[in-house]
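Reading through the structure tokens given below for one structure.
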Amino acid sequence: MGTDAAARYLDIVESLAPMVRAAVAENERTRRLSPAVATAMAETGLFRLSTPRVFGGEEVEPLVLYQVVEALSRIDGATGWCLGIGVGLNSVAGLL
């Protein structure tokens, strides 16, 4: 699953790249992630990457998660940071 999932989500990151780049100035000015970018990230499933499947998530392998966060961070570090924070605690849901 790892390679297929990585390719699928890396393609999603690449498709979001123009929107992410266009929002960098707004993000810096407002000190917040652009609502349009946040919505796109949510709609494409990026925020569900580490959520267990039983809770409707993707439950990808940690390496896949890191590759996706790294790829998004290369486009814009702040947006990658937001994704990393956004998915960071989702994996804990499996421990509850």
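Hydrophobic clustering places Phe47 together with Leu10 (ILVMFWY residues linked when any side-chain heavy atoms are closer than 4.5 Å, directly or through intermediates). Residue Val60 is grouped with residue Ile12 when hydrophobic side chains (ILVMFWY) are merged at heavy-atom distances under 4.5 angstrom, including chains of intermediate members.
With a 4.5 Å cut-off on side-chain heavy atoms, Trp81 and Ile85 count as touching.
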Which atom pairs, one a donor and one an acceptor, fall under 3.5 Å between side chains of residues 69-78 and the rest of the protein, sequence neighbours left out?
residue, atom, partner, partner atom, Å
Glu70, OE2, Arg74, NH2, 3.2
Ser73, OG, Val69, O, 2.8
Asp76, OD2, Thr79, N, 3.1
Asp76, OD2, Thr79, OG1, 2.7

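In this structure, Leu83 CG and Leu16 CG are separated by 10.0 Å, a value rounded to the nearest 0.5 Å.
Judged purely by atom type and a 3.5 angstrom limit, Arg29 has no side-chain atom pairing as donor or acceptor with the backbone of Asn27.
Ala5 and Val64 get closest at one heavy-atom pair: C-CG1, 4.1 Å. Across all non-hydrogen atoms, the minimal contact from Ala6 to Gln67 is CB-OE1, 3.4 Å. Residues Glu59 and Arg53 share a closest heavy-atom pair of OE1-N, 2.9 Å.
A salt bridge does not link Arg31 with Glu26: every distance from a Lys NZ or Arg NE/NH1/NH2 to an Asp or Glu carboxylate oxygen is 4.0 Å or more.
Pairs of residues two or more places apart, or lying in two chains, never qualify as salt bridge (Lys or Arg N to Asp or Glu O under 4.0 Å) while including a residue from residues 81-96. For residues 39-51, the pairs satisfying side-chain hydrogen bond (donor to acceptor under 3.5 Å, both in side chains) are Thr51-Asn90, with sequence neighbours left out.
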